[in-house]
Amino acid sequence: QVQLVESGGGLVQAGGSLRLSCAASGRTFSSYAMGWFRQAPGKEREFVAAISWSGGSTYYADSVKGRFTISRDNAKNTVYLQMNSLKPEDTAVYYCAAGPHGLGRFWYEYDYWGQGTQVTVSS
């Protein structure tokens with residue numbers, strides 16, 4: 001019912017910046033929360049950031065707070081993740097997710113997932 005497509009991943013050197021986009025199509029609602037998760041090889045899915053479609057509130061993992069910014073454009077049904085001051089430990093596949101709960105930080109709170117986009121940060 002809902003399709004999410006991430007884009008904007010790539011290779012960047014440490015200290016650089018990258019902007020990820022997540023475009024939603026299908027039946028979406030303004031009350032849906034949108035989140036970003038990431039997963040490195042051999043590691044579990046890790047919460048990165050979330051945003052409420054209705055209220056515009058944001059929530060960040062401690063590891064990215066102050067460096068990453070999540071934003072939205074409801075007219076385009078698109079969520080963005082601006083990543084600055086990137087570190088090698090940020091290297092992972094980044095996934096966009098949508099769910100009915102606001103500012104959820106657990107993977108099971110989300111019902112729809114994108115295919116992921118690779119972010120690689122070199123030393």
Side-chain angles (χ1 to χ4, degrees):
Q1 188 178 24
V2 177
Q3 183 178 354
L4 305 175
V5 180
E6 304 97 332
S7 62
L11 175 65
V12 65
Q13 60 185 345
S17 298
L18 214 56
R19 189 196 194 202
L20 305 183
S21 298
C22 174
S25 62
R27 188 172 177 84
T28 58
F29 304 92
S30 61
S31 60
Y32 267 39
M34 302 294 295
W36 287 97
F37 289 76
R38 65 188 183 185
Q39 187 168 23
K43 301 292 185 179
E44 293 187 358
R45 234 174 315 186
E46 177 187 26
F47 170 77
V48 177
I51 186 168
S52 171
W53 286 97
S54 58
S57 299
T58 59
Y59 180 49
Y60 298 93
D62 289 340
S63 59
V64 305
K65 194 170 187 177
R67 299 187 298 120
F68 292 10
T69 302
I70 188 171
S71 60
R72 67 182 182 185
D73 186 340
N74 285 344
K76 297 180 179 179
N77 283 331
T78 301
V79 176
Y80 305 95
L81 184 67
Q82 178 66 48
M83 305 183 294
N84 298 327
S85 301
L86 283 163
K87 306 174 181 179
E89 52 261 44
D90 294 320
T91 296
V93 176
Y94 283 70
Y95 296 93
C96 178
H101 307 291
L103 302 180
R105 67 183 184 92
F106 301 106
W107 66 268
Y108 51 80
E109 296 182 271
Y110 295 86
D111 298 324
Y112 304 99
W113 295 83
Q115 81 288 350
T117 185
Q118 177 71 48
V119 172
T120 303
V121 184
S122 61
S123 305

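This is a predicted model, so every value here is computed, not measured.
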Rounded to the nearest 0.5 Å, how far apart are CD of Gln39 and CD of Glu44?
8.0 Å
Cation-pi, Tyr80 ring and Arg72 (6.0 angstrom, 45 degrees)
no
Less than 4.5 Å apart, any side-chain heavy atom of Leu20 and any of Thr117?
yes
So, for Gly116 and Val93, which heavy atoms are closest and what is the spacing to 0.1 Å?
CA-CG1, 3.9 Å
Do Trp36 and Glu6 touch side chain to side chain, with heavy atoms closer than 4.5 Å?
yes
In terms of heavy-atom contacts, Tyr94 and Leu81 come closest through CD2-CD2, 4.2 Å
Report whether Ile51 and Tyr110 are members of the same hydrophobic cluster (ILVMFWY, side-chain heavy atoms less than 4.5 Å apart, transitive linking).
no
Contact check, side chains of Ser17 and Met83, non-hydrogen atoms, under 4.5 Å:
no
Do you see a donor-acceptor pair shorter than 3.5 Å between the side chains of Thr78 and Asp73?
no
What closest approach, in Å, do Gln118 and Ala92 show between heavy atoms, and which atom pair accounts for it?
NE2-O, 3.4 Å
Look at the aromatic rings of Phe106 and Tyr108 and report parallel, tilted or perpendicular, splitting at 30° and 60°.
parallel
Are the side chains of Gln82 and Ser71 in contact, using a 4.5 Å heavy-atom criterion?
no
From Thr120, Thr91, Leu18, Val64, residue fulfilling side chain to side chain contact (heavy atoms under 4.5 Å, CB included) relative to Leu86:
Leu18
Is the number of heavy atoms from other residues, nucleotides or ligands under 6.0 Å of Glu89 CD greater than 12?
yes
Answer whether the closest heavy-atom distance between the side chains of Gln13 and Ser123 falls below 4.5 Å.
no
Nearest heavy-atom approach of Gly104 to Ala50 is O-CB, 3.8 Å
Using the benzene-type ring in the case of Trp, are the ring centres of Phe37 and Tyr95 under 6.0 Å apart?
no
Looking at side-chain heavy atoms only, is the closest gap between Tyr60 and Val48 below 4.5 Å?
no
Distance in Å, Met34 CE paired with Asn77 CG, rounded so as to fall on 0.5 Å steps:
8.5 Å
Verify ring pair (Phe, Tyr, Trp, His ring centres under 6.0 Å) between Phe47 and Tyr59, making sure each step is shown before the conclusion.
CA-CA 10 Å; Phe47 170 77; Tyr59 180 49; 5.5 Å; yes
Please indicate whether Gln115 has more than 12 foreign heavy atoms, meaning atoms of other residues, nucleotides or ligands, lying under 6.0 Å from its CD.
yes
Could I get the full list of salt bridge (Lys or Arg N to Asp or Glu O under 4.0 Å) partners for Arg67, not counting sequence neighbours?
Asp90
Less than 4.5 Å apart, side chain to side chain, heavy atoms only: is that true for Leu103 and Ser57?
yes
Report, as yes or no, whether the 6.0 Å neighbourhood of atom CH2 on Trp113 holds more than 12 heavy atoms from other residues, nucleotides or ligands.
yes
